[in-house]
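In the text below, chain A, chain B and the rest are named by the order of the sequence lines, each starting its count at 1.
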Amino acid sequence: MADAAAAIASAETSVGSVAPESKPQTAEIKRWGDMVDDEEQPGDTASSSEDKVVGELEVDKLTIEDSKKVNKFLDDPEDSSIQAVTSGDTPYTSAATFEDLNLSPELLKGLYVEMKFQKPSKIQAISLPMILTSPYKDLIAQAHNGSGKTTCFVLGMLSRVDPNVKRPQALCICPTRELSIQNLEVLQKMGKYTGISSECAVPMDSGNNDRSRSRPPIFAQVVIGTPGTIKRLMSQKKLSVVDMKVLVFDEADHMLAKDGFQDDSLRIMKDIERVNGHCQVLLFSATFDETVKNFVSRIVRKDYNQLFVKKEELSLDSVKQYKVYCPDEMTKILAIKDRILELGENLGQTIIFVNTKRSASMLHKALVDLGYEVTTIHGALTHEDRDKIVKEFKDGLTQVLISTDVLARGFDQQQVNLVINYDLPVKYETPSEPHYEVYLHRIGRAGRFGRKGAVFNFVMTDRDVMIMEKIDKYFGTRVKEVASWNSEEDFKVALKEAGLL
DNA sequence: AAAAAAG
């Protein structure tokens, strides 16, 4: 019986007849759903003035049916193909407009007025009908970095909440404090006119000693937070799950990986299911390696939908990747100093990723000693400091941020044009192996929403050389080499090629 | 002796 069900709707590149117009590569046009934080462009410009149709690509209405039928999704230039696999016989029609989704007028207003969205991005067009159509099936959804995943599940949560029921109905779990806060901000902005209440469930400020006693029970209709706090709130019976309709895991592959938050996540899922078997589970991430993919497909309901992207098509063309050979640690620091920091604010904002807190502190000290202004974030800082550093960076008060992998996933700051892998991401157990998923997430911090971006990978050891080779092979890319770290010209050429100068 | 979350 089980075998009969799965229908494969392969959404391979189709396009065909539409979109002969040139695509808006240059213009800063808001075509995609996930454009959070576009508020304070200092001295904002005409920007979004015209509500003309911006994307010339008309997303056709189409139906994913339970048959071996090939569905054609029109191709976004930055977003190649998504494979949709639906289960059962529920037909889904991809949403060309937000109106197609039967959203409340208040929610639509939030999308257009607050978020300034115009039409669903591709992943939104495909996934939202799957999320919002009854019977509400579980969903595993993969999509490119910066393609609007957040909007998918935020919109899903907001529109499945019954505004009249003043109890928790949607829960979203994220791997970090920062991501929880960011997602809540998106939700509150999008849901501004809905009157739906929401709350962040992350550790309280460290000043608050007796935090387990001081936290009141949660009444908010949507809750977003980190696993430990959520788990504790549930066990203390301060977070009721009886009315829970949607459970979202952001960065789901990490949330369900054994070296991630697998135990916590499973426990939360099971505790909810015990009380409430109807809760829909949504799993979102840009990455799902084979192991995790197999695992997550076992833990969701049998009758689930899925969306996947081939790994070769995951790295965005709008972000140019480079490697730079640096013979030693000092050289890496000098390269950052002379090739990046000296260019100042012309580049937009920069994130420098390192592998350890120690490495972060070392680099921070080195650059500060050289007289440059950088800030640094990692998990050993107090919550207040972390919040402050992130806020300063998001407000554009700081230009260069050194970070561990706290911010590797999900962190959304559109002004980040440049990402530097000061340390290449490697697997903990096998340091000679690249950590492909982390690599992809890190470089996804640049070039949000089709913007231009560049990545410099610092290659120091023989091991690093091999790691870059493996990364190329895995993603099918050809990361270009910047010939000399000491050549201003070489860097300028690279940055120009990336569209940053 | 990793990142992160929490206890």
Side-chain angles (χ1 to χ4, degrees), chain A residues 171-184 200-215 223-236 238-239 249-269 271 285 287 289 292 351-364 376-387 389-390 401-411 419 421-445 463-464 467:
Chain A
L171 177 61
C172 171
I173 311 188
C174 316
T176 64
R177 170 191 185 79
E178 285 71 20
L179 198 48
S180 303
I181 295 170
Q182 181 179 284
N183 286 338
L184 187 80
C200 220
V202 297
M204 305 190 73
D205 289 347
S206 8
N208 215 334
N209 276 349
D210 51 350
R211 33 186 198 246
S212 57
R213 276 186 298 137
S214 62
R215 193 190 274 271
V223 180
I224 302 181
T226 44
T229 302
I230 303 241
K231 217 174 49 169
R232 205 189 63 226
L233 286 168
M234 283 173 58
S235 70
Q236 293 175 337
K238 288 182 174 177
L239 173 57
F249 288 97
D250 194 8
E251 307 299 341
D253 60 327
H254 187 238
M255 298 308 294
L256 288 159
K258 54 185 184 319
D259 64 342
F261 295 98
Q262 186 175 91
D263 294 345
D264 288 347
S265 298
L266 286 182
R267 164 115 184 257
I268 291 168
M269 263 178 89
D271 284 354
S285 181
T287 52
D289 74 28
V292 179
I351 300 181
I352 305 173
F353 281 108
V354 295
N355 285 351
T356 65
K357 287 178 275 204
R358 262 190 38 226
S359 184
S361 305
M362 180 278 294
L363 181 59
H364 179 95
T376 299
I377 185 168
H378 54 70
L381 304 182
T382 66
H383 298 314
E384 292 87 339
D385 284 346
R386 286 169 62 165
D387 292 349
I389 302 282
V390 166
L401 179 61
I402 300 168
S403 176
T404 58
D405 285 327
V406 210
L407 296 190
R409 287 172 173 263
F411 181 73
V419 163
N421 281 322
Y422 184 90
D423 302 319
L424 299 179
V426 294
K427 292 199 172 117
Y428 177 57
E429 354 35 285
T430 49
S432 57
E433 280 290 303
H435 200 309
Y436 302 108
E437 288 73 34
V438 170
Y439 180 80
L440 194 87
H441 284 281
R442 282 183 180 183
I443 70 174
R445 297 318 99 210
R463 194 190 76 180
D464 289 343
I467 286 169

May I ask you to evaluate whether [X] reaches the phosphate of [N], defined as a side-chain N or O under 4.0 Å from OP1 or OP2?
| X | N | answer |
| --- | --- | --- |
| Thr404(A) | dA4(B) | yes |
| Arg386(A) | dA5(B) | yes |
| Arg232(A) | dG7(B) | yes |
| Lys231(A) | dG7(B) | no |
| Thr176(A) | dA3(B) | no |
| Thr226(A) | dA6(B) | yes |

**Fill in**
In short, Ala360(A) meets Thr404(A) closest at the heavy-atom pair CB-CG2, 4.4 Å
**Message:** Restricting to non-hydrogen atoms, name the atom on Arg445(A) and the atom on Phe411(A) that form the minimum distance, rounded to 0.1 Å.
**Reply:**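 Result for this residue pair: NH1-O, 2.9 Å.
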**Request:** Go through the side-chain N and O atoms of Ser285(A) and His254(A) and say whether any donor and acceptor fall under 3.5 Å apart.
**Result:** no
Roughly, in whole Å, what's the span from [atom1] in [X] to [atom2] in [N]?
| X | N | atom1 | atom2 | answer |
| --- | --- | --- | --- | --- |
| Leu179(A) | dA3(B) | CG | P | 19 Å |
| His441(A) | dA2(B) | NE2 | P | 22 Å |
| Met234(A) | dA6(B) | CE | C1' | 16 Å |
| Leu233(A) | dA6(B) | CG | P | 10 Å |
| Ile181(A) | dA5(B) | CD1 | P | 10 Å |
| Asn355(A) | dA3(B) | CG | C1' | 9 Å |
| Arg409(A) | dA5(B) | CZ | P | 13 Å |
| Leu424(A) | dA3(B) | CG | P | 16 Å |

**Prompt:** Backbone N or O of Leu424(A) within a donor-acceptor pair of the Asn421(A) side chain at under 3.5 Å?
**Reply:**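 Not a single qualifying donor-acceptor pair exists.
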Less than 3.5 Å apart, which donor and acceptor atoms pair up between the side chains of residues 257-264 of chain A and the rest of the protein, not counting sequence neighbours?
from, atom 1, to, atom 2, distance (Å)
Gln262(A), NE2, Leu256(A), O, 2.8
Asp264(A), OD1, Lys231(A), NZ, 2.7

**Prompt:** What residue among Asp387(A), Thr229(A), Thr226(A) forms side chain to side chain donor-acceptor pair (under 3.5 Å) with Arg177(A)?
**Reply:** Asp387(A)
**Residue of the set Val419(A), Ile351(A), Ile389(A), Ile352(A) for which side-chain contact (heavy atoms from CB on, under 4.5 Å) holds with Ser403(A)** = Ile351(A)
**Message:** Counting the atoms with a prime plus P, OP1 and OP2 as sugar-phosphate, which does Arg358(A) contact under 4.0 Å by heavy atoms, base, sugar-phosphate, or nothing?
**Reply:** nothing
**Prompt:** Using a cut-off of 4.0 Å on non-hydrogen atoms, how would the nucleic acid contact of His254(A) be classed: base, sugar-phosphate, or nothing?
**Reply:**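 Base, at least one base heavy atom under 4.0 Å.
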**Item:** Of residues 427-436 of chain A, the positions that come close to DNA chain B - non-hydrogen atoms, cut-off under 4.0 Å
**Value:** Tyr428(A)
